[in-house]
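In each ligand, atom 1 is the first atom listed, and ligand 1 is the first ligand listed.
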Amino acid sequence: MRVDVLTIFPDYLAALDLSLVGKARRTGILDLRVHDLRDWATDRHRTVDDTPFGGGAGMVMKPDVWGRALDDVLGTPGDPAGDPAGGTDGAADGAADGAAGVRAGAAHLVVPTPSGEVFTQRHAEALAREEHVVVACGRYEGIDARVAERARAAGHRVSELSIGDYVLNGGEVAALVMIEAFGRLLPGVVGNPHSLVEESHGAAGLLEYPVYTKPPSWEGHDVPEVLLSGHHARIERWRRDQALVRTAARRPDMVASLDVADLDRADLTV
Ligand SMILES: COc1ccc2nc(C(=O)O)sc2c1
């Protein structure tokens, strides 16, 4: 999988050299390239912003600079120079803003923005199935709206996504979050793929149960007996019940999509 990140702060993405995503880069699972948007500016000050039409505070990122950068990085759908050979239109619904007009093999453009759809594990799963993702990190008051419009018109899937109901100073932190979230789902990145099922927001659709390790008793706090019993069926049931209780208590919004039979059977007194 190829991921390109465009930003005026390339060093912000240095964290992606570390840990599992860094290992995925070194082993070739993830081809991650970070670009300085100012390389596509044409004036000697490498200007990327200008005043907003209609007035208002702050500056807006210039469409021409982004257009040149995205032409180089997104490539033209079906153009081997721009997209990895054999790119498939693999993004499932949910990660995009409508499949209409998307061309097979076109790179998926992700634009972090506070005005975007909230990024969830479902988006991560869909993006992990893409061959080529480009992340456009905005700064100032944002990127001229015509940039996303032009990419859609060229046949690219464009997803404008927010990592939550708060506002950051730019798209880089959101890019780090999203790239880690979908990068870790790529085959071979996480050692034990089964752990992807049981983790919070994973395939089970629940928050994760509490975890413990040695010592069995620590400063008067004991590990639940069942986990020391060696009775795997009881342990599995206890973990499932804990996940249900936690989800019901902390994320009632997630409970709606659960299997009612599971809820009925659960020992919610745990
Ligand atoms: C100007 O670019 C920005 C500014 C704030 C911001 N906040 C985000 C969020 O996901 O909360 S993405 C993002 C991009």
I'd like the atom pairs linking ligand 1 to the protein - N or O on both sides, separation under 3.5 Å - with distances to 0.1 Å.
unit_1   : atom_1 : unit_2 : atom_2 : d
ligand 1 : 2 (O)  : G138   : O      : 3.2
ligand 1 : 7 (N)  : L168   : N      : 3.3
ligand 1 : 10 (O) : S162   : OG     : 3.3
ligand 1 : 10 (O) : I163   : N      : 2.8
ligand 1 : 11 (O) : Y166   : O      : 2.8

**Request:** Return the set of residues passing side-chain hydrogen bond (donor to acceptor under 3.5 Å, both in side chains) with S229 (not counting sequence neighbours), or none when no residue passes.
**Result:** none
**Message:** How long is the straight-line distance from CH2 of W218 back to OH of Y212, given to the nearest 0.5 Å?
**Reply:** 12.0 Å
**Request:** Just jot down the side chain to side chain contact (heavy atoms under 4.5 Å, CB included) partners of S19, sequence neighbours excluded, or say none.
**Result:** none
**Message:** Main chain of G22, side chain of R26: is a donor-acceptor contact present, judged purely on distance under 3.5 Å?
**Reply:** yes
**Request:** Go through the structure and list residues passing side chain to side chain contact (heavy atoms under 4.5 Å, CB included) with R239, not counting sequence neighbours.
**Result:** Y209, L227, I235
**Request:** Answer yes or no: are there more than 12 heavy-atom neighbours, outside N169 itself, under 6.0 Å from its atom CG?
**Result:** no
